[in-house]
Trainee: 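The structure that follows is given in the form of structure tokens.
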Amino acid sequence: MLNNKISKAVRLAIAFGTASTAVFSANSMAADEGAKKVERIQVTGSRITRTDLEGASPVITITNEQMTNLGFHNVQDVLENITSVTGALTTQSIHGFTPAASSVSLRNAGSNRTLTLVNGKRLVQYPKASGGTSTFQNTGNLPTEAISRIDILTAGASAIYGADAVGGVINIILKNNFEGVAAKVKSTGYTEGGGSTNQFSFSAGASSDKMNVSLFLEYEDSKVIKATDREEFGVHTDKVALTERSSYSSYGARIAGPFNYTLPKDECNTNGFFFDDANARCGFDRSSMRDIKPETTKAIALTTFNYQLSDEHELYGRVQYSRGTSERSIEAMGIDDVKVTVAGDKATLKLDSDEKTFNKSTFWGGQFASSDFVDGDYTVIRRLHEFGPRGNETTSIEHGFNLGLQGELTSDISYQLEWAFNNATVDVLSETYATRKGMFEFLSAGANGFNLLKPFSDADVESVAYVPFEKNKSSQNNFSFNLSGSAMDLPAGTLDYSAGIEYTKQTFATNSDTESKKGAILTTGGSSGAGARDFTSLYTEMRADVTETLVLNAALRFDDYSDFGSNLTPQVSLEYRPNDELLVRATYADVFRAPDMQRVYGDPSNGFATVIDFKRCQELGGVPGTELAGTTECHEHHIDSITGGNKDLKAETGYSVNLGIVYGTEAFDATVDVWKWELDDMVDSVSSTRIAKEYQTYGANITRDANGSITLINATAQNLSFSTVSGVDFDTGYRFDMNDLGMIRVGLRGTYLLKSESKLDATSPVRDELNDFGLLPELKLNTSVVWNMEDVKVSIFGRYTDGVGGTNYNSLKDLTSNTVNGGDITVASNIVWNASVKYNYNENFDILVGSSNIFNKGPNLDPSDASWPHYPRSLYNANGRSVYAQFDLRF
């Protein structure tokens, strides 16, 4: 009966597993139906080998072939299309702290609470933290062709894998015992232009009676996509017709104060700015200088080996090296730091603590000589477009190795001893910046200074230009020992166990050039800090056949950290199988997460943000979210921000629960899981946007100038009260045998969020993030159709993302004066389709042609967001339709 059950499960896995990525959740592990001995395997979510492919924890499996057939170009593409993924950090987020890295957030827990593993071992943390504070594991440098499959465990698993496994676990399983020689060439182009990508891979493996050695080499070259390449999607300009709140940047060439002056229209346009007729001011269209997708290159080399020392013992290992570069551009510096105080016949130029007084009538060539410039404080606002786009080149290098010994001590006891070391560095070299001191000295030079509103020559730019740089590194050293086996026979089966110990040491260091660390660079900041922690973990897991239909699983893990203390994490689950077709499962797990080292040890990091200054806007008689002539406070107020370390942070602790039903026959499969996770003392930073709106609560975090306008917001991390998210995952598939016409497999998978709530502190009201704070889709669906007929395979994949509230939904939803798009401040739902055709010419050659986003669907614009690109980049991209061809050779 057991053999029949396993055979049926394997047939189902093969039948539906190739139907889609993120559509079918069974592990597509091969087994021989005629085998007399049932092979035990290890699945993600447990360290105990087992015979059942579907267990107590929900796991989605994507094979390497599925990745290719369904139009995904790399690991990140795959992960972004999992319905359980609620948001992603991608390379299109080129204006943030991590333009060369990518990661995902499972079940809205955050990318820093989603654990990524390779063969069950955690990746090294990316050296440059997201937002300057949150550590995560980069999925952008993983070798596609070396991957056998990707398992996504969509449930908390801290008792099994330790900290960070709150929203779930991504486990990259590499190919084992590869033999032969294979090569792949893939070329991808975009119908809207830009972004063309070429990928090359080479694989080779050889085996003897005792040994296998495999080598995987990959290279990828991807060109830039500029905002001006995507006029079709409306992201080529700051002012988008379908988004009424959008406007050209007010940072053109003008003076704000008691008298507002703007460069006249002809002079504005002639001097390289953009005159905004709607607001009668000299502004700028930033989009002309912005990238949507950076230019990147990536090279990866990975080798694996195993050597059979004896029948019972095997030596194995892996060595990997990867190097990636990313070049991105954003608009030139826009400054409002230069102040001029007019008093009588004097004009005093100020920038930070530097100041110099001039004769008003001759200062800057008489710029302030007019009687209109009455006594008072003035701000000079200027886009320094002559410096060119701000750009940086990011170079990331990761290298490491794993060396292990595994085998059997007795017929009932297996062991694994492993040493893993990984190191990562990220160097960032920037250009077209200037120091604050250098700019003041230039503007104040001579008897009358240099007029900031006048054009800069190449020589002027060269005289004040500065090149910031930043170096980041992290490392991880891990030693582990594990025992597993069968402890005893039970009346209904066996009592299986796993137990082990791990020791891990992590380090990080980030350092910027001297001027950046001092906050002395215009429009940007730097960060620095260094820290190390080590932790020891003891864990045990057991699986007991209580009856012929009921299995009990339990796990317990103890982690002792050098810098914040210890934590004991239990997990318990049940599997009930009343017959071969039905599984009922339930899991309860405590989860925890250690504070990010950058948040604990990092020095203050300087950045910038765009907010609505609610307090000052109302004082000026304006309406938040709308234009007010001569001001920026009500609409587009650019400020400095600062984040930094907090050595008093505690661990985040909480729980995760999952209740599910799995039903399967040879032709039909269905799964439903209801889940919830909750964390107390979550570490997070209150956003600058919220601090500005809730100024009465967060007044201590706000710095204002003499006029009462926000100049700086401090958003240091803190342990917040709690966060909880719940939802339903469902998955179904069906196979149609069409005889001579082949076989068609269809699948549907979805995630429906029931609730997502949080509290920033004990006295704050509960935040309804699903309904009141936008950018969280309530429903996500994937569907696929795969048709196999002899040597031809046709694959179709569709992704639906529900509509969401806009970026500023919460700030604008209660304003009775809101007229944006007739009061609509939501982002519409989105559907994208991929399709491919694969032809197996012979056993040595395949050809695949396809298209991702075949209907050239652009991102739905956000009518609540005044800032470019006017769509939520954590949910969508503006790449547009891609077409590709791939050739696979095997020797």
Trainee: Given Arg593, which of Asn567, Asp681, Asp164, Thr653 fulfils the side chain to side chain donor-acceptor pair (under 3.5 Å) condition?
Mentor: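 The residue from Asn567, Asp681, Asp164, Thr653 that satisfies side chain to side chain donor-acceptor pair (under 3.5 Å) with Arg593 turns out to be Asp164.
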Trainee: Going by an N to O cut-off under 4.0 Å, is there a salt bridge joining Asp680 and Lys650?
Mentor: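 Looking at Asp680 and Lys650, the cut-off is not met.
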Trainee: Over 60° means perpendicular and under 30° means parallel, so classify the ring planes of Phe72 and Phe797, tilted if in between.
Mentor: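 Correct class here is perpendicular.
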Trainee: Taking Thr711 for its side chain and Thr703 for its backbone only, find out whether a donor-acceptor pair lies under 3.5 Å.
Mentor: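 A pair under 3.5 Å: yes.
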Trainee: Looking at Gln125, is its backbone amide N or carbonyl O close enough to the side chain of Ser474 to form a donor-acceptor pair, meaning the two atoms are under 3.5 Å apart?
Mentor: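 Yes; at least one donor-acceptor contact below 3.5 Å.
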Trainee: Are side-chain N/O atoms of Glu757 and Thr724 paired as donor and acceptor at under 3.5 Å?
Mentor: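 Not at all, the side chains of Glu757 and Thr724 share no donor-acceptor pair under 3.5 Å.
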Trainee: Answer yes or no: is there a side-chain heavy-atom contact under 4.5 Å between Arg122 and Leu115?
Mentor: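 Yes, at least one pair of side-chain atoms sits under 4.5 Å.
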Trainee: Please evaluate residues Arg749 and Thr671 with respect to the criterion side chain to side chain contact (heavy atoms under 4.5 Å, CB included), reporting the C-alpha separation (whole Å), side-chain torsions for both, the decisive distance (0.1 Å), and the verdict.
Mentor: CA-CA 9 Å; Arg749 179 175 177 84; Thr671 301; 6.0 Å; no
Trainee: A side-chain contact here means heavy atoms from C-beta on lying under 4.5 Å apart; do Gln571 and Thr587 qualify?
Mentor: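 Sidechains of Thr587 and Gln571: in contact.
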Trainee: Check whether any side-chain heavy atom of Glu633 lies under 4.5 Å from a side-chain heavy atom of Glu619, and answer yes or no.
Mentor: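 Result no, sub-4.5 Å side-chain heavy-atom pair not found.
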Trainee: Measure from the side-chain N and O atoms of Glu652 to the backbone N and O of Val683, and report whether any donor-acceptor pair falls under 3.5 Å.
Mentor: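 Yes.
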Trainee: Does Ser158 use its side chain to pair, donor to acceptor, with the backbone of Phe592 at less than 3.5 Å?
Mentor: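 Judged by distance alone, yes, a pair lies under 3.5 Å.
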Trainee: Quick one: are Gln618 and Pro624 in side-chain contact, heavy atoms under 4.5 Å?
Mentor: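 In contact.
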Trainee: Could you tell me if the side chain of Trp833 sits less than 4.5 Å from the side chain of Thr783, heavy atoms only?
Mentor: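 Yes, close enough: below the 4.5 Å cut-off.
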Trainee: Within the distance-only criterion (no hydrogens, no angle test), does the side chain of Asp559 pair as donor or acceptor with the backbone N or O of Phe535 below 3.5 angstrom?
Mentor: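 Checking the backbone N and O of Phe535 against the side chain of Asp559, no donor-acceptor pair under 3.5 Å is found.
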Trainee: Step by step, would you call Ile62 with Ile152 a side chain to side chain contact (heavy atoms under 4.5 Å, CB included)?
Mentor: CA-CA 8 Å; Ile62 303 100; Ile152 299 97; 3.0 Å; yes
Trainee: Ignoring hydrogens and angles, tell me if any N or O in the side chain of Asn860 forms a donor-acceptor pair with the backbone of Ala828 under 3.5 Å.
Mentor: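 Here the side-chain-to-backbone pair exists.
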Trainee: Strictly distance-based, threshold 3.5 Å: is any side-chain N or O of Arg585 a donor or acceptor partner for the main-chain N or O of Ser573?
Mentor: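 Pair absent, no side-chain N/O of Arg585 close to backbone of Ser573.
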Trainee: Given side chains that start at C-beta, do those of Tyr655 and Lys676 come closer than 4.5 Å, heavy atoms only?
Mentor: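 Yes, at least one pair of side-chain atoms sits under 4.5 Å.
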Trainee: Checking Lys857 side chain against Asn830 main chain: does a donor-acceptor pair fall under 3.5 Å?
Mentor: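 No, Lys857 side chain to Asn830 backbone: no donor-acceptor pair under 3.5 Å.
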Trainee: Using 0.5 Å steps for rounding, measure from the CG atom of Asp731 to the OG1 atom of Thr83.
Mentor: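 Separation between the atoms: 8.0 Å.
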Trainee: Closer than 3.5 angstrom, by distance alone: can the side chain of Thr826 be matched with the main-chain N or O of Val804 as a donor-acceptor pair?
Mentor: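 No; judged by distance alone, with no hydrogens or angles, the pair does not exist.
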Trainee: Would Ile160 and Tyr539 satisfy side chain to side chain contact (heavy atoms under 4.5 Å, CB included), going step by step from the backbone distance to the final call?
Mentor: CA-CA 8 Å; Ile160 306 297; Tyr539 62 85; over 6 Å; no
Trainee: Between Ile170 and Leu106, is any pair of side-chain heavy atoms under 4.5 Å apart?
Mentor: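 The answer is yes, as the side chains (C-beta and beyond) meet within the 4.5 Å cut-off.
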Trainee: May I have the step-by-step check of side chain to side chain contact (heavy atoms under 4.5 Å, CB included) for Leu679 and Trp677, ending in yes or no?
Mentor: CA-CA 7 Å; Leu679 272 186; Trp677 66 262; 4.0 Å; yes
Trainee: Check for me whether Arg107 meets the cation-pi criterion with Trp675, that is, NZ or CZ under 6.0 Å from the six-membered ring centre and within 45 degrees of the ring axis.
Mentor: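 Judged by the rule (NZ or CZ under 6.0 Å from the ring centre, within 45° of its axis), Arg107 counts as positioned above Trp675.
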Trainee: Is a side-chain donor-acceptor pair under 3.5 Å present for Arg557 with Ser537?
Mentor: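 Distance-only check passes for Ser537 and Arg557.
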Trainee: For the atom pair CG (Leu70) and OG (Ser784), what is the distance rounded to the nearest 0.5 Å?
Mentor: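 Rounded to the nearest 0.5 Å, the CG-OG separation comes to 6.0 Å.
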Trainee: Within the 4.5 Å heavy-atom criterion, are Ile82 and Val104 side-chain neighbours or not?
Mentor: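 Ile82 vs Val104: side chains apart.
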